J.: 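There's a structure below that I have some questions on.
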Amino acid sequence: MAYTLINARPAGRPASAATSPTALAAGQGALVDSFKRRITYLRLSITDRCDLRCTYCMPERMEFLPKKDVLSFEELDQLVTAFASFGVDKLRITGGEPLVRKDVMELMARFSRHLGNGLNELTMTTNGTLLSKYAGELSSIGVRRINISLDTLKRDLFEKISRRDSLGDVMKGIDAAIAAGLKVKINTVALRDINEGEIPDLIRFAHNRGADITLIETMPMGEAETDRVEDFLSLNKVRADLSKQFTLTDLNYTTGGPARYVRVEETGGRLGFITPLTHNFCESCNRVRVTCTGRLYTCLGREDGADLREAMRADPSGGLLRQTILGAIERKPKGHDFDAARLSTPASPRTMSHTGG
Ligand code: SAM
Ligand code: SF4
């Protein structure tokens, strides 16, 4: 078998004891792929629906999935329990827009019972439009950090990019998150000639509020209606431009995600770069994604994976689910297949809203 089990441990206890196939059967083992990468981070999409329509993410007339195809709360909970027992200790909830799922806080509360008992971190990526309503509750169930997407500070440009006039709600959401004591990270997709000139202002905006900010290159995911070749902005260029007005010092800091960080000396804040197209971050990949339909993807840019919904529905005992997860980790590819030269053709037919960013 290409996967290896290491540091078998009951959920919540420190990894220590050596393991055996018996430990796997008992549900105690770490997920290590055939390239010796240990999988400790799950990004779970709880809905494909969204209240925005960002041009790089989905078409204006996005067709959402029928509700019956989307995992129930019980199935989502079963998945999280299985991954936590395999040593996955970081869970990021995403979407679509996770906060538009009905009764989302009931679901988050269910996940939060694994905190300190398998999970070390429960976090979320959100567009922020509904955060003023939920920030306090998220904090009270044990969420400590949150990623909020924000591509511009200009109301008209926000409406152009997201096709909705919601910048005011996002701003209220950011304020509410900070007031609730959540550590905020702003995520900004860098778009050539669209928000390119605004990046220094976005950095100051985040750092003035004690937030980190991460810049992301557009990825060729799904059919968007924008021209990705036209909009693609290399973060190498952004960094070179920023260096003309800021002093950027490389940091060893990591949040367990793919971003490489620098400190901006003039603001004292952290700035991250996620560069899937110009830098290969696959060698240290520790994460997998599960869509809201229960499809496990072991690599963002490839189709390899497994149908966990089918496994759960075929065998309610959970045995098949565990086997299916292990089989998929065994097949996790060495790296993604994104290529800046082929940006106009999606490397994956899935949109980010389907896979979960
Ligand atoms: N709706 C939430 C949000 O916008 O934060 C969570 C889901 S969204 C798919 C997660 C992240 O993916 C967002 O930061 C978004 O900007 C980013 N994203 C979406 N489509 C992308 C693409 N084609 N390339 C790069 N980033 C993308
Ligand atoms: Fe919705 Fe997030 Fe996609 Fe924008 S990036 S359309 S907010 S899922």
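Both backbone and side-chain heavy atoms feed into the values below; hydrogens, waters and symmetry mates do not. In each ligand, atom 1 is the first atom listed, and ligand 1 is the first ligand listed. None of the values given here were measured: they were computed from a predicted structure.
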J.: Taking Arg287's backbone N and O only, do any of them form a donor-acceptor pair with Lys332's side chain (distance below 3.5 Å, no angle check)?
T.: yes
J.: Examine ligand 2 and decide if any of its atoms is less than 4.0 Å from a heavy atom belonging to Gly95.
T.: no
J.: With a cutoff of 4.0 Å, is Met58 in contact with ligand 1, counting heavy atoms of the residue only?
T.: no
J.: Would you say Leu153 and Val264 are hydrophobically clustered, going by side-chain heavy atoms of ILVMFWY under 4.5 Å?
T.: yes
J.: What atoms of ligand 2 come within less than 4.0 Å of a heavy atom belonging to Met58?
T.: 6 (S)
J.: Between ligand 1 and Thr218, is the shortest N or O to N or O distance under 3.5 Å?
T.: no
J.: Using heavy-atom distances only, which candidate in Cys54, Pro59, Cys57 approaches atom 4 (Fe) of ligand 2 most closely?
T.: Cys54
J.: Would you say that Tyr261 contacts Leu271 through its side chain, given a criterion of any heavy-atom pair below 4.5 Å between the two side chains?
T.: no
J.: Quickly, which of Arg260, Arg270, Arg263 forms a side chain to side chain contact (heavy atoms under 4.5 Å, CB included) with Tyr253? Name it, please.
T.: Arg270
J.: Is Asp151 in polar range of ligand 1, meaning some N or O pair under 3.5 Å apart?
T.: no
J.: Going by the side chain to side chain contact (heavy atoms under 4.5 Å, CB included) test, name the single residue among Asn195, Ile194, Val189, Asp193 that passes it with Asp231.
T.: Ile194
J.: For ligand 1, which atoms, with element, lie under 4.0 Å from some heavy atom of Val189?
T.: 16 (O), 26 (N)
J.: Looking at Arg145 and Glu121, is any side-chain nitrogen of the basic one under 4.0 Å from a carboxylate oxygen of the acidic one?
T.: yes
J.: In terms of atom number and element, which parts of ligand 2 are under 4.0 angstrom from non-hydrogen atoms of Gly96?
T.: 8 (S)
J.: Ile93 versus Met108: any side-chain heavy-atom pair under 4.5 Å?
T.: yes
J.: Check whether any N, O or S atom of Cys50, backbone or side chain, sits closer than 2.8 Å to atom 4 (Fe) of ligand 2.
T.: no
J.: When you look for heavy atoms under 4.0 Å from ligand 1, do you find them on the side chain of Thr94, its backbone, both, or neither?
T.: side chain
J.: Donor-acceptor pair, distance only, cut-off 3.5 Å: does the side chain of Glu266 make one with the backbone of Thr247?
T.: yes
J.: Counting heavy atoms only, which of Ala190, Gly96, Ser162 comes nearest to atom 7 (C) of ligand 1?
T.: Gly96
J.: Between ligand 1 and Thr126, is the shortest N or O to N or O distance under 3.5 Å?
T.: yes
